[in-house]
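Fair warning: this is a prediction, and the values are worked out from it, not measured in the lab.
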Amino acid sequence: MSDEGDVADLITAVRTEKEAVEDAGRPEAVERQHEAGKLTARERVDYLCDEGSFDEIGKLAAPMPTTPEVADWEREDAPADGVVCGIGEVDGRPVAIMATDYTVKGGSIGHAGGRKLQRVATLARDRGYPFVMLQDGGGHRIQEGLDAAPTARGDNGFANLQETLSGWVPTVSAMLGPGFAAPTNFAALCDFVPMVEGTSTLGVAGPSLVEAALGTDLSKAELGGPTVQATRNGMADLSCEDDEACLDAVRTYLSYLPRNATHDPPTTDDWAAPADATVDALTDVIPANEKKGYDIYAIVEGIVDRDSFFEMKPGYARNIVTGFARLEGRPVGVVANNPRHKAGTIDTAAADKSSHFVSVCDAFDLPVLTLIDVPGILPGPDSESEGVARHAAKLPFELNRATVPTVTVCLRRGYGYGYVAMGGGRSADTDLSIAWPTAEIAAMGIEGAVDVAYRREIEAAEDPDEKRAELVEKFKDRTDAVRAASRLGIDAVVDPGDTRERIVRAIDRAEDTREDDWPPKKHSINPI
């Protein structure tokens, strides 16, 4: 048995080993990270988690090389093997966290780091913790990867773990630095992917590999920076100004979602209804001229709790708006056509963006509210070459598969399949389908329909322009909100100022989600 001195020496030795891998024990590495405008992996974890709540796993991990080139690597060569893992708390709820350390071998993941990643992901799976990856590095460590023996095992089952986590717990991949290759593959299977301007990247291969394979010389930013991935490609959900803003976004995202699919979404008593002036302004938001756009955000703000709207992918597919909000403290998802961009038409990007968002809401029991002003599906050769019909089917697919309460509000245009895609009327099994007095619902846009169906009659008239205007007005009288309600195509025509109250009551009354067990099939098949 060891005496007290021996025990004290052992404790001191362990503390020394731990201190050597912490930031305080690596000041030069910390300084390099700060000079690059980035927090360290441990600083990011501390910033995200409630103070003192993070319990690290595998802090004393050392490299586990299998190749001769790195056979002599020790802990000091790769402290903690470049991956910080553990369980912390965010707003009092447990969260499984992995953070790659760019100061260790460029943030690459070796065999030991991979086992740590698998360990925390397994805990997330088994205990139902949200899973957050803070990524800043080059993916799998090349020096340890040029070997068939470990590579043949794939990623130690991590792809399987990610698929299992999907829909069970919220999954996040914050891109806080270089993220080409494996980090991008990890991110692609996550629900929420924020990036940092100026430092982070996202893409299946970096500039060197792209140039070698294709002869195309692009910078990291041109190939996979936030401007490209959050705005043009939609791979990322947000572009944030710095590490702190990105981590704040992660915390905000998690605040709308439950710990896992068996828990209720977190509610808050600290909410305020929209200001009276904001609600009163709803009456005047939509212009009399149906060809003019308007501020869809003003309508969202006039319905949901004050300052509660958190938008997803704000720079991508701007013709549709998606985001989380609260109604009397309860989280909901909002999907709204944006008439200021492509007139709110649904194209492939808008369909992909909105359908994924609805799927997240349904997985975690958030009611879905759609605000409809849609002239249809974007036509033309470019759209057809993108497979717009199959993409556009994804949104109604998700809305009709959803078991959470759904509410639709037709604000203005509800034309053709666009109206169906947004769940308008009886096209989805909604808990409430209403329209504003400004609504206009038809199989297609009235002017276009008149031009197609009555072309000969217009051409034969003494005054074609006058005849066309006469026909347009005639059919407008047949497509208004009152006629839509006359045969129960919608539940009610509601004054704009009464919309919030009507929605809140419908969601409150639909407390229990539906469980569909007929017909006896395994699952529906995603359109694409």
Side-chain angles (χ1 to χ4, degrees), residues 227 230-234 236-239 274 278 281-304 307-325 332-358 360-361 368-380 382-383 386 388 391-392 394-396 398-399 406-424 434-436 438-441 444-445 496 499-500 503:
T227 300
T231 303
R232 190 177 73 194
N233 299 338
D237 291 287
L238 288 178
S239 178
T278 305
L282 293 177
T283 304
D284 302 318
V285 170
I286 297 181
N289 185 343
E290 66 273 8
K291 294 182 180 180
K292 288 186 176 181
Y294 56 86
D295 185 3
I296 188 62
Y297 296 98
I299 293 179
V300 173
E301 291 167 2
I303 293 174
V304 304
D307 300 325
S308 72
F309 186 60
F310 181 56
E311 189 172 2
M312 295 289 98
K313 300 187 188 295
Y316 177 67
R318 297 178 67 189
N319 39 321
I320 203 158
V321 172
T322 58
F324 299 110
V332 298
V334 178
V335 179
N337 304 110
N338 187 352
R340 284 186 173 171
H341 293 273
K342 297 184 180 179
T345 305
I346 295 175
D347 57 8
T348 56
D352 290 349
K353 169 182 171 178
S354 56
S355 61
H356 177 268
F357 179 73
V358 170
V360 171
C361 291
V368 176
L369 166 65
T370 69
L371 303 176
I372 304 170
D373 184 355
V374 59
I377 308 300
L378 186 66
D382 291 342
S383 280
E386 294 173 353
V388 68
H391 283 267
K394 294 170 75 173
L395 178 54
E398 294 296 346
L399 285 171
T406 53
V407 174
T408 66
V409 184
C410 188
L411 307 173
R412 188 168 63 172
R413 298 160 302 177
Y415 293 163
Y417 191 69
Y419 182 65
V420 173
M422 292 293 292
I434 58 178
W436 281 9
T438 47
E440 187 179 277
I441 300 171
M444 64 183 294
T499 306
R500 170 183 166 90
I503 293 170

*Asks:* Would you check if W436 and V285 make a side-chain contact, meaning some heavy-atom pair closer than 4.5 Å?
*Replies:*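 Counting from C-beta outward, W436 and V285 never come under 4.5 Å.
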
*Asks:* Using every non-hydrogen atom in the two residues, find where A421 and A392 come nearest and quote the distance to one decimal.
*Replies:*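 So the two residues come closest at CB-O, 4.3 Å.
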
*Asks:* Does some side-chain heavy atom of M422 sit less than 4.5 Å from a side-chain heavy atom of I320?
*Replies:*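 The answer is yes, as the side chains (C-beta and beyond) meet within the 4.5 Å cut-off.
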
*Asks:* Does the side chain to side chain contact (heavy atoms under 4.5 Å, CB included) test come out yes or no for I299 and V409, once each step is laid out?
*Replies:* CA-CA 11 Å; I299 293 179; V409 184; over 6 Å; no

*Asks:* Is any side-chain heavy atom of R412 closer than 4.5 Å to one of P287?
*Replies:*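 Counting from C-beta outward, P287 and R412 do come under 4.5 Å.
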
*Asks:* Would you call I346 and N337 a side-chain contact if the rule is heavy atoms closer than 4.5 Å?
*Replies:*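 I346 reaches N337 side chain to side chain.
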
*Asks:* Could you measure the distance from the OG1 atom of T322 to the CG atom of D237? Nearest 0.5 Å is fine.
*Replies:*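 Spacing of OG1 (T322) from CG (D237) equals 8.0 Å.
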
*Asks:* Is there a donor-acceptor contact under 3.5 Å from the side chain of S383 to the main chain of G380?
*Replies:*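 Absent.
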
*Asks:* Which distance, rounded to the nearest 0.5 Å, do you find between the CD1 of I296 and the NE2 of H341?
*Replies:*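 So the gap between those two atoms works out to 11.5 Å.
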
*Asks:* Under the 3.5 angstrom rule, does the side chain of S355 hit a backbone N or O of E398 as a donor-acceptor pair?
*Replies:*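 Here the side-chain-to-backbone pair does not exist.
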
*Asks:* Identify the heavy atoms of P396 and Y417 that sit nearest to each other, and give their distance.
*Replies:*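 Heavy-atom minimum between the residues: CG-OH, 3.4 Å.
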
*Asks:* Is the F324 ring parallel, tilted or perpendicular to the F357 ring (thresholds 30°, 60°)?
*Replies:*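 Aromatic pair F324/F357 classed tilted.
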
*Asks:* Distance-only, no hydrogens or angles: does the K353 side chain make a donor-acceptor pair with backbone N or O of A317 under 3.5 Å?
*Replies:*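 Yes: the side chain of K353 pairs with the backbone of A317.
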
*Asks:* I need the T408 OG1 to I372 CD1 distance, nearest 0.5 Å.
*Replies:*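 CD1 of I372 is found 4.5 Å from OG1 of T408.
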
*Asks:* Closer than 3.5 angstrom, by distance alone: can the side chain of T348 be matched with the main-chain N or O of H391 as a donor-acceptor pair?
*Replies:*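 It does not hold such a pair.
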
*Asks:* Using salt bridge (Lys or Arg N to Asp or Glu O under 4.0 Å) as the criterion, point out the one residue from K292, R340, R413 that pairs with D373.
*Replies:*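 Exactly one option meets the salt bridge (Lys or Arg N to Asp or Glu O under 4.0 Å) with D373, and it is R413.
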
*Asks:* If you take all heavy atoms of L238 and P314, which pair is closest and at what distance?
*Replies:*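 Here L238 and P314 meet closest at CD2-CD, 3.5 Å.
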
*Asks:* Do the side chain of K394 and the main chain of A351 share a donor and acceptor less than 3.5 angstrom apart?
*Replies:*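 Not at all, since once roles are kept as given, no pair shorter than 3.5 Å links the two residues.
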
*Asks:* Is any side-chain heavy atom of S239 closer than 4.5 Å to a side-chain heavy atom of T227?
*Replies:*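 No - every pair of side-chain heavy atoms lies 4.5 Å or more apart.
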
*Asks:* Side chains of I286 and T438: closer than 4.5 Å at any heavy-atom pair?
*Replies:*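 I286 reaches T438 side chain to side chain.
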
*Asks:* C361 and G333: which non-hydrogen atoms are nearest, and at how many Å?
*Replies:*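 Here C361 and G333 meet closest at SG-CA, 3.7 Å.
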
*Asks:* Is a side-chain N or O of D347 found less than 3.5 angstrom from the main chain of L378, in a donor-acceptor match?
*Replies:*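 No, the answer is negative, given that no donor and acceptor are paired below the 3.5 Å cut-off.
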
*Asks:* Could you walk me through whether V332 and L369 pass side chain to side chain contact (heavy atoms under 4.5 Å, CB included), step by step?
*Replies:* CA-CA 7 Å; V332 298; L369 166 65; 5.5 Å; no

*Asks:* Side-chain contact test, heavy atoms from C-beta onward, threshold under 4.5 Å: evaluate it for L399 versus V335 and give yes or no.
*Replies:*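 Contact flag for L399/V335 side chains = no.
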
*Asks:* Do you know the tightest heavy-atom contact between L371 and I303?
*Replies:*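 So the minimum-distance heavy-atom pair works out to CD2-CD1, 4.1 Å.
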
*Asks:* Of all the heavy-atom pairs spanning T345 and G376, show the shortest one and how long it is.
*Replies:*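 For T345 versus G376, the nearest heavy atoms are CG2-O, 3.2 Å.
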
*Asks:* For Y316, which residues count as a ring pair (Phe, Tyr, Trp, His ring centres under 6.0 Å) partner, sequence neighbours excluded?
*Replies:*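 Residues passing ring pair (Phe, Tyr, Trp, His ring centres under 6.0 Å) with Y316: none at all.
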
*Asks:* Near D295 CG, under 6.0 Å, is it more than 12 heavy atoms from other residues, nucleotides or ligands?
*Replies:*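 Result for CG/D295: enclosed.
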
